[in-house]
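For this chain, numbers begin at 1 and follow the sequence in order. In listed order, ligands and their atoms are each counted from 1.
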Amino acid sequence: RAKERGGNRIECFTTTLNEVSLERQELESCLREALQNDELQMYYQPQFFMDGRLAGAEALLRWNHPLLGTVPPMKFIPLAEESRLILPIGEWALREACGQMAKWQAISPTPLLLAVNVSVLQFANGDWDACVAKALADTGLDPKCLELELTESMVMRQDHEDLVPLHRLREIGTRIAIDDFGTGYSSLSYLQRLPITTLKLDQSFTAALQSEDPQTSSENIVRAVIQLAHSLHLTVVAEGVETEGQRDMLELLGCDCLQGFLLGRPLPADAFEALLEFMSTKQFLKKGGRAPEE
Ligand code: C2E
Ligand code: MG
Ligand code: MG
Ligand code: MG
């Protein structure tokens with residue numbers, strides 16, 4: 001009986017694997033058509049300075065499939081990378097977001113930053129920096145308003161000459177962020193070597209900031225990271241801020257910018273624009289205007 005059960009289990013396991021690979025293949029062919037069929041959309045999650053001013057937005061890809069519904073990035077980005085579809089998709093995402101932000105700069109009283117995620121395949125592609133520069137030129141977005149998000153693992157292993165595109169982009173004013181900072185291998189020496197401007201503290205660190213006591217070990221780690229970043233003249237953005245307690249602690253620890261569900265979820269372009277208009281009015285009022293009703 002034991003043998004029988006074991007046999008069944010293996011069979012079940014095999015069936016599951018086949019189903020998974022079938023689903024992946026189907027997903028991949030759907031993804032291949034997603035761009036043409038206009039199923040991809042950019043969402044924008046607001047980022048704020050500690051004093052509450054709007055700092056900018058991170059552009060995040062969404063895939064709305066007519067039958068599958070909303071496919072989360074965690075599911076389709078790895079697939080897009082394996083199939084190299086991330087190259088056309090990533091380029092579309094960059095151009096779409098830059099075009100959108102160029103329009104928003106025109107109605108915003110202060111310059112806003114647009115953060116765009118970059119895949120390792122885009123980064124490794126020879127003409128990557130030219131591609132970014134062209135997207136900026138074509139959309140009219142000021143290079144200083146673009147922040148490219150790379151991960152630690154992408155930049156850590158690169159030789160000096162592989163980093164030339166990064167230096168070129170930095171030279172035209174584009175900002176470079178390390179996303180999910182603290183989750184990769186941390187040989188911290190690369191922070192000095194690379195032309196980066198920003199550390200995005202991974203949301204696992206933010207999540208660990210639960211206590212009221214500024215002396216617990218997670219608070220100490222975050223404080224040390226912020227001090228290190230500031231000593232290298234880097235800006236620190238905390239990701240995944242969900243509670244008032246986390247926000248207060250991050251303020252106490254000297255963090256520069258916040259991003260998270262507490263302050264705002266990723267929004268479609270029209271909803272982000274409404275937020276922008278609302279924030280602009282508030283900022284105008286702060287500059288000396290008076291609230292109509294108080
Ligand atoms: P990421 O770049 O680290 O983006 C932050 C993720 O955290 C987003 O998930 C965002 O919706 C989520 N998030 C923001 N605030 C909170 C919060 O308070 N709590 C929690 N639990 N989550 C929060 P999303 O949009 O599902 O994206 C997941 C990942 O997919 C991104 O992580 C990024 O690595 C990748 N991705 C998204 N868009 C693109 C893109 O255009 N290109 C590339 N290459 N990757 C992308
Ligand atoms: Mg990111
Ligand atoms: Mg991140
Ligand atoms: Mg992440």
Side-chain angles (χ1 to χ4, degrees), residues 31 34-35 39-48 55-64 69-101 113-125 128 131-132 135 146-155 175-184 196-210 225 235-247 249-250 255 257-269 271-272:
L31 187 56
L35 254 181
E39 293 164 9
L40 297 178
Q41 191 184 358
M42 295 317 286
Y43 271 52
Y44 301 88
Q45 185 175 30
Q47 298 180 337
F48 294 90
E58 177 175 5
L60 295 159
L61 261 170
R62 294 292 178 263
W63 178 16
N64 312 303
T70 308
V71 186
M74 293 269 275
K75 204 162 177 180
F76 75 84
I77 301 271
L79 198 69
E81 288 183 331
E82 281 164 43
S83 58
R84 299 185 68 83
L85 283 168
I86 195 68
L87 292 174
I89 290 174
E91 191 177 341
W92 175 83
L94 177 70
R95 300 182 73 90
E96 172 75 15
C98 287
Q100 186 58 257
M101 186 50 83
L113 212 61
L114 169 72
V116 178
N117 293 282
V118 177
S119 154
V120 63
L121 288 183
Q122 292 172 279
F123 181 66
N125 215 25
W128 177 62
C131 204
V132 174
L146 179 64
E147 183 163 273
L148 297 162
E149 295 194 0
L150 314 175
T151 59
E152 282 172 279
S153 59
M154 280 162 66
V155 290
R175 300 174 60 86
I176 314 279
I178 301 296
D179 203 355
D180 306 334
F181 180 77
T183 57
I196 57 179
T197 52
T198 308
L199 291 188
K200 292 196 76 178
L201 192 68
D202 188 67
Q203 51 190 50
S204 58
F205 290 103
T206 307
L209 297 178
Q210 298 293 12
V225 169
T235 301
V236 182
V237 181
E239 294 193 89
V241 183
E242 293 182 354
T243 69
E244 307 262 348
Q246 289 165 351
R247 180 181 60 193
M249 189 59 75
L250 286 160
C255 188
C257 289
L258 304 176
Q259 182 181 343
F261 295 167
L262 175 72
L263 303 119
R265 299 213 164 228
L267 300 167
F272 185 86

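- Leu35 has its side chain within reach of Pro88: a pair of non-hydrogen atoms, C-beta onward, lies under 4.5 Å apart.
- Considering CZ of Phe261 and CD of Gln203, their distance stands at 7.5 Å, rounded to 0.5 Å.
- The closest non-hydrogen atom to atom 28 (C) of ligand 1, taken over Ala80, Pro73, Gly240, Pro266, comes from Pro73.
- Sorting the N, O or S atoms of Asp180 by how far they are from the Mg ion (ligand 3) puts OD1 first.
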side-chain hydrogen bond (donor to acceptor under 3.5 Å, both in side chains) between Thr70 and Arg62, intermediate numbers included: CA-CA 7 Å; Thr70 308; Arg62 294 292 178 263; over 6 Å; no

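- Contact annotation: Lys200 has no heavy atom less than 4.0 Å from any atom of ligand 1.
- The shortest N or O to N or O distance between Ala93 and ligand 1 is not under 3.5 Å.
- When non-hydrogen atoms are compared, ligand 1 lies under 4.0 Å from neither the backbone nor the side chain of Leu262.
- Relative ring orientation between Phe76 and Trp63 is described as perpendicular, the plane-to-plane angle rising above 60° on a 0-90° scale split at 30° and 60°.
- Ligand 1 does not have Glu81 within reach: every non-hydrogen atom of the residue lies 4.0 Å or more from it.
- The salt bridge (Lys or Arg N to Asp or Glu O under 4.0 Å) pairs that include a residue from residues 82-98 are Arg24-Glu82, Arg95-Asp138, where partners are two or more places apart or lie in different chains.
- If you look at Asp180 next to ligand 1, the close heavy atoms, those under 4.0 Å, all belong to the side chain.
- The closest side-chain heavy-atom distance from Phe205 to Gln246 is not below 4.5 Å.
- The proximity of Arg265 to ligand 1, defined as any non-hydrogen pair under 4.0 Å, does not occur for either the backbone or the side chain.
- Residues passing the salt bridge (Lys or Arg N to Asp or Glu O under 4.0 Å) test with Glu81, sequence neighbours excluded: none.
- Which parts of ligand 1 touch Asp179 is read off a 4.0 Å heavy-atom cut-off, strictly below it: atoms 1 (P), 2 (O), 3 (O).
- Under 4.0 Å from ligand 1, the heavy atoms of Glu239 that appear belong solely to its side chain.
- Residue contacts with ligand 1, taken as heavy atom pairs separated by less than 4.0 Å, involve Asn117 via backbone and side-chain atoms alike.
- The backbone N or O of Gly182 lies less than 3.5 Å from a partner atom in the side chain of Glu152, making a donor-acceptor pair.
- On a distance-only criterion, Phe261 and ligand 1 share at least one N/O pair closer than 3.5 Å.
- Between Asp180 and Glu149 there is no side-chain heavy-atom pair separated by less than 4.5 Å.
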side-chain hydrogen bond (donor to acceptor under 3.5 Å, both in side chains) assessment of Gln259 paired with Gln47: CA-CA 5 Å; Gln259 182 181 343; Gln47 298 180 337; 2.8 Å; yes

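- Close contacts of ligand 1 with Glu242, meaning ligand atoms under 4.0 Å from a residue heavy atom, involve 17 (C), 18 (O), 19 (N), 20 (C), 21 (N).
- At least one heavy atom of Gln203 sits closer than 4.0 Å to an atom of ligand 1.
- When only interatomic distances are considered, the shortest N/O to N/O separation between Arg62 and ligand 1 falls below 3.5 Å.
- Atom CG of Leu85 sits about 11.5 Å away from atom OG of Ser119, to the nearest 0.5 Å.
- Taking 4.5 Å as the limit, some side-chain heavy atom of Trp128 sits within range of a side-chain heavy atom of Leu148.
- Minimum-distance N/O/S atom of Glu149 relative to the Mg ion (ligand 2): OE1.
- Residue contacts with ligand 1, taken as heavy atom pairs separated by less than 4.0 Å, involve Ser119 via backbone and side-chain atoms alike.
- One finds an angle of 180° at the Mg ion (ligand 2) between OE2 on Glu58 and OD2 on Asp179, to the nearest 10 degrees.
- Contacts between Gln45 and ligand 1 below 4.0 angstrom, taking non-hydrogen atoms only, involve the side chain exclusively.
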